[in-house]
Asker: 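One structure coming up, written as structure tokens, with questions to follow.
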Amino acid sequence: MYNPTVARLTYRALLGRRRALILFALPALLIVISAAVRGFTGVDDKVAADLLGGFALATMVPLIGVIAGTGAIGPEIDDGSIVYLLSKPVKRPTIILTKLIVAIAVTMAFSAIPTLIAGFILNGNGQQIAVAYTVAALVASIAYSALFLLLGTVSRHAVVFGLVYALIWESLFGSLVSGAKTLSVQQWALALAEKVAGQGYVDASVGLPTAVVLLIVVTVGATAYAGQKLRRLTLAGEE
């Protein structure tokens, strides 16, 4: 279910000059901010948790997920080059799963690793805060990649919809409407971080069992539906 050729083409598309600049900019900004905060405030577990939760998990991870998830397939559909890929003897689920794996790998590399580094800079992993938010970033990377890959498959405005979900639904409505937090990848990931970190430093609005179930359902469901949409796109092209 993994095709090296499709993976290589997807990595090349995602790590092109323009996208690579954006992918590197956000982690670099997190590390610079973390170093500055450590220099000004010293070791402070609460500050570390607030920065990793407010910037790394709430902003950086979903933005990188949008770039990687939609960029894994969206541009190929927009410019029509997906037709050449679909004409090859590669199963459609294999294409989707390969692109999902690449999107997850890119999202994890550019979000989880910088989060861990930033956490150690801020407080040396005191109260397991760095590890907790790294785990949250890893888990969120999987769900975001699947969700935004689906958006890239079904819509030509996937980036816009992805930003609306990540920045408006999760950040704005999620902070104002309690019910919206249940449908938030960020809150699901926080449930795992809360389990790892010291008591009182991470606060999730969703219970751990519910979070795990929703993460699995969204990841599997989005991947399966993306495969169905790609299959229909093939049939439409052949007709």
Side-chain angles (χ1 to χ4, degrees), residues 1-28 60-116 134-159 161-162 166 185 189 215-238:
M1 301 303 288
Y2 179 84
N3 187 283
T5 302
V6 174
R8 185 172 63 254
L9 293 173
T10 307
Y11 275 118
R12 186 180 302 172
L14 287 179
L15 300 178
R17 184 174 302 176
R18 189 191 309 177
R19 285 194 179 89
L21 288 175
I22 301 175
L23 289 172
F24 278 106
L26 289 170
M60 183 183 72
V61 179
L63 287 179
I64 292 176
V66 169
I67 296 169
T70 61
I73 195 170
E76 291 177 294
I77 294 177
D78 290 342
D79 62 22
S81 60
I82 190 70
V83 174
Y84 297 99
L85 180 59
L86 296 178
S87 66
K88 304 299 181 181
V90 182
K91 294 181 179 180
R92 306 309 176 247
T94 298
I95 294 175
I96 288 296
L97 283 175
T98 300
K99 288 183 173 294
L100 175 61
I101 291 170
V102 172
I104 290 173
V106 170
T107 306
M108 285 182 172
F110 285 93
S111 61
I113 295 175
T115 298
L116 182 63
T134 300
V135 170
L138 289 170
V139 172
S141 295
I142 298 173
Y144 279 131
S145 296
L147 185 62
F148 296 138
L149 179 67
L150 171 61
L151 286 177
T153 306
V154 301
S155 174
R156 292 181 178 273
H157 307 289
V159 174
F161 290 132
V185 174
L215 282 166
I216 294 173
V217 169
V218 167
T219 302
V220 174
T223 304
Y225 190 59
Q228 290 296 322
K229 294 298 292 184
L230 190 63
R231 184 176 291 111
R232 294 173 188 173
L233 178 65
T234 305
L235 294 174
E238 291 173 351

Asker: Hey, does the side chain of R231 reach the backbone of A226 with a donor-acceptor pair shorter than 3.5 angstrom?
Answerer: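 Judged by distance alone, no pair lies under 3.5 Å.
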Asker: When rounded to the nearest 0.5 angstrom, what is the spacing between CD1 in I101 and OG1 in T10?
Answerer: 10.5 Å
Asker: What's the shortest heavy-atom distance between A222 and A146, and which atoms?
Answerer: CB-O, 3.6 Å
Asker: Kindly give the heavy-atom pair with the smallest separation between I73 and G152, and that separation in Å.
Answerer: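 Scanning both residues, the minimum pair turns out to be CG2-C, 3.8 Å.
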Asker: Find the distance between CZ (F148) and CG (L100) and round it off to the nearest 0.5 Å.
Answerer: 13.0 Å
Asker: Checking K229 side chain against V154 main chain: does a donor-acceptor pair fall under 3.5 Å?
Answerer: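 A pair under 3.5 Å: no.
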Asker: Taking all non-hydrogen atoms of both residues, which atom of N3 and which atom of T98 are closest, and how far apart?
Answerer: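 Smallest heavy-atom distance, with atoms named: N-OG1, 2.9 Å.
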Asker: Counting C-beta onward and ignoring hydrogens, is there a side-chain heavy-atom pair between V106 and Y11 closer than 4.5 Å?
Answerer: yes
Asker: Step through the shown structure and confirm whether more than 12 heavy atoms of other residues, nucleotides or ligands are within 6.0 Å of CZ on F24.
Answerer: no
Asker: Residues two or more places apart in sequence or in another chain: which of them pass salt bridge (charged side-chain N to carboxylate O under 4.0 Å, His left out) with R156?
Answerer: D78
Asker: If we ignore hydrogens and angles and just use 3.5 Å, is the side chain of T94 paired with the main-chain N or O of V90 as donor and acceptor?
Answerer: no
Asker: Are side-chain N/O atoms of T107 and S145 paired as donor and acceptor at under 3.5 Å?
Answerer: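 T107 vs S145: donor-acceptor pair found between side chains.
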Asker: For the residue pair H157 and F161, categorise the inter-ring angle as parallel (less than 30°), tilted (30 to 60°) or perpendicular (more than 60°).
Answerer: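 If you compare the ring of H157 with that of F161, the planes turn out perpendicular.
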Asker: Within a strict 4.5 Å, meaning less than it, do heavy atoms of the S141 and V61 side chains meet?
Answerer: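 They are in side-chain contact.
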Asker: Less than 4.5 Å apart, side chain to side chain, heavy atoms only: is that true for I95 and L85?
Answerer: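 Answer yes - side chains close enough.
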